[in-house]
Amino acid sequence: MLEIKNLCVSIENKEILKNINLKIRAGEVHVVMGPNGSGKSTLASILAGKTQGYDVTGDVFFKEKNLLMMSSENRSHEGLFLGFQYPVEIPGVTNIYLLKAALNAKRKTQGLPEVDAMDFLKLVKEKIRAIGMETDFLSRAVNAGFSGGEKKQNEILQMTVLEPNLAVLDEIDSGLDIDALKRVSQGITAFMRPDRALLLITHYQRLLDYVKPDYVHVLVNGQLVKSGDHRLAIDLETKGYAWVSNEK
Amino acid sequence: MSTALHHLLDKEYQHGFVTQIDSDTLPCGLSEDVIKIISAKKNEPEFLLQWRLKAYRAWLKMSEPHWANLKYDPIDYQKISYYSAPKLKKQVKSLEEIDPEILKTYEKLGISLREQQHLAGVAVDAVFDSVSVATTFKEKLSELGIVFCSFSEAVQTHPHLIQLYLGTVVSQGDNFFAALNSAVFTDGSFVYVPKNVRCPMELSTYFRINAANTGQFERTLIIADEGSYVSYLEGCTAPKRDENQLHAAIVELIALKDAHIKYSTVQNWYPGDKEGKGGIFNFVTKRGLCRGENSKISWTQVETGSAITWKYPSVILKGDHSVGEFYSVAVTHHHQQADTGTKMIHIGKNTKSTIISKGISAGKGQNTYRGKVQILKKSENARNYTQCDSLLLGSQCGAHTFPFIDVKNETAQVEHEASTCKISEDQLFYCRQRGLSVEDAISMIVHGFCKTVFKELPMEFAVEAQKLLGISLEGAVG
Ligand SMILES: Nc1ncnc2c1ncn2[C@@H]1O[C@H](COP(=O)(O)OP(=O)(O)OP(=O)(O)O)[C@@H](O)[C@H]1O
Ligand SMILES: [Mg+2]
């Protein structure tokens, strides 16, 4: 589904990602872990189409298409979703308005008619209940005044409404309380199907108790230094990043 | 600005066509004779001619005001024609008598003057160049005693009301443009709603400047008698022309005891081209008088057009417990300049005013909010709330705020809030990641910014306003 080949990214001559190679097939769950500042969010942003200030070389293919040539919105229509580490606030725009606009934008590219307002409300209410969020979030401005955990849950809500093929979730588990972590994890588990894939960025093993990864990759200093299965995450939790860096 | 914001195309002004019709146009220039001709053409009573001449003499002694934050070349008042009317078979009695070209013009603008084709609930008075060409739903309204007609017609049919109220809110010598209008105004709309009548439909006037080198000077007078209610809408467009055209209108509103007037404008005069050539100079005096107790006047405006906007819809809160409201969205793009705002003058006790102003600047547009809240000595317990927000798109535009607050009574409560924001790269990236185009993302965010004002507009107008905003901001960021 996603293939990253020799991806290098720099900003103002500062190398942030170095020669990244990664292949994600449908049905797989990949996890990227790594110290602060190692380049995890940069990788996610590049995949989602952020261009501002970045020098990018290498290739990325998503569903066999050249991803780096596509606009952010086209990537989204193709089925790529990014759950942001820091979801931005948009005052004055209600959550439901954004959700509906987003869904309709995607439907338009698929040649489908806009969703009917009533049907949409029904759909969104189902999804929001499944995540266990209050429905009054829908009428609040996008992320405005949301707590850190609420913002993360809101990302999951958007993901479940848009039903992407590949979801890149950047520290979706940070800032969640115990119950919210459980609900978000359930949301992610329910999302996973054989025709979908996940790229989870996280610092903690605890999310992986709920969502079993097929691969764990360690990103240090812009380089993927180690890959393994879920046991790698457990090892990291006990031994720290110094262990992988030293081993190398 | 950034690459993400760059690639939008500019959409052209959509109402820029010219209609080919025969018109009766006076040569350029202004003098007492010209005023006498206008008055005679309109078969006006003597008092009105004298009233005009008094205004003209006052105007001669005045000079063009330049305190506003606007830059433009001097206007030559002798190069303007002060009267242009489509040639009509004298009095138009039915729509069949209107030049089909004019009907077509309005249809192109999306306004049907044929009653049966109307959306339920909107009566229209159409003003083409200087004269009113059609008023729809007249009979239905007259059953309720409501007078809704062109100003010239009202002069013939209700001269006493004109004599009683004309100039009582905006006097002939009020300001330079008001004096000019008072001297040469040619038509406009007139509304009288009798006691305790709630006008069952929106009343609407559509202004269109067609002829070249003409000024448009309409005068609107709305009187809501005790306990009545009326909602009035005003829309405007003009053809594209390379020269600037002058529009100097006056609107006077009078609300008697317990009456409520709601006045909404969607102003979309031709704004000039991308380089700032052409466009309407819009110098307008709009003022409402809450004359009776518990009366209320609400102004809502969406200003997207004109090269220059000079406009301060105001309310004089004379009656005790009266309420004044001003909701405004003003957009300036390319080289447009807007200096707009309001005045709330509290005279009565327990009077209350609300000002919500949203300024959006893009391109090289300059947007100025100028507001005055004045609480006179005898106005006990007056309250005002002002909120003034600016949104900037791009880095070459400007937003300016000049609030004046003058409180002479210490029981007053006056609140003022202001903010300025930009649409951030991060917001756009977020929306695009969710599948929205840059254009849709901007229009969504702008709409969110203006929502509190849009919700004051009548339904059909709100939809139109939102579309207009989208169009006038296309290509706005870059
Ligand atoms: N616009 C920028 N200009 C300069 N440096 C940047 C910019 N964006 C990111 N960086 C740098 O790139 C490096 C990687 O940042 P990134 O946000 O990808 O880290 P991360 O792995 O997600 O960290 P964390 O775990 O703290 O979220 C950091 O050193 C950061 O300071
Ligand atoms: Mg990060």
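Below, chains carry the letters A, B, ... as their sequence lines are ordered, and counting in each starts from 1. Below, each value reflects all heavy atoms present in this structure, side chains not excepted, and no hydrogens, waters or symmetry copies.
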When heavy-atom pairs shorter than 4.5 Å are enumerated against chain B, which of V93(A), T94(A), L103(A) gives the highest number?
V93(A)
Best-contacting candidate, P91(A), P87(A), S76(A), against chain B by heavy atom pairs under 4.5 angstrom
S76(A)
Under 6.0 Å between ring centres: does that hold for F84(A) and F429(B)?
yes
Looking at A141(A), P164(A), A48(A), which makes the most heavy-atom pairs under 4.5 Å with chain B?
A48(A)
Can you tell which of S71(A), A105(A), G49(A), S45(A) has the highest number of heavy-atom pairs within less than 4.5 Å of chain B?
G49(A)
Would you say V142(A) and R434(B) make side-chain contact, with heavy atoms under 4.5 Å?
no
With chain B, which of R75(A), Q158(A), K106(A), H77(A) has the greatest number of heavy-atom pairs at distances under 4.5 Å?
Q158(A)
Using a cut-off of 6.0 Å, state whether more than 12 heavy atoms not belonging to K63(A) lie near its atom NZ.
yes
Should E73(A) and L436(B) count as side-chain neighbours, where that means a heavy-atom distance under 4.5 Å?
no
A quick test of your reading: do over 12 heavy atoms of other residues, nucleotides or ligands sit less than 6.0 Å from CZ of R383(B)?
no
For F191(A), all residues meeting ring pair (Phe, Tyr, Trp, His ring centres under 6.0 Å), sequence neighbours excluded
none
Does L82(A) offer a backbone N or O that forms a donor-acceptor pair with the side chain of Q433(B) under 3.5 Å?
yes
About how many Å separate NZ of K108(A) and CG of D440(B), when rounded to the nearest 0.5 Å?
7.0 Å
Please check this pair: side chain of Q427(B) against backbone of E89(A), looking for a donor-acceptor N/O pair closer than 3.5 Å.
yes
Quick one: do D426(B) and K50(A) make a salt bridge, cutoff under 4.0 Å?
yes
For the side chain of S72(A) and the backbone of R432(B), is there at least one donor-acceptor N/O pair under 3.5 Å apart?
no
Pick one of side chain, backbone, both or neither for L80(A), based on which atoms fall under 4.5 Å of a heavy atom in chain B.
both
Residues two or more places apart in sequence or in another chain: which of them pass ring pair (Phe, Tyr, Trp, His ring centres under 6.0 Å) with F81(A)?
none
State whether the number of non-hydrogen atoms from other residues, nucleotides or ligands found under 6.0 Å of E12(A) atom CD is greater than 12.
no
Has K352(B) got more than 12 heavy atoms of other residues, nucleotides or ligands less than 6.0 Å from its NZ?
no
Closest heavy-atom pair, C431(B) versus L98(A), reported as atoms and distance to 0.1 Å, is SG-CD1, 4.5 Å
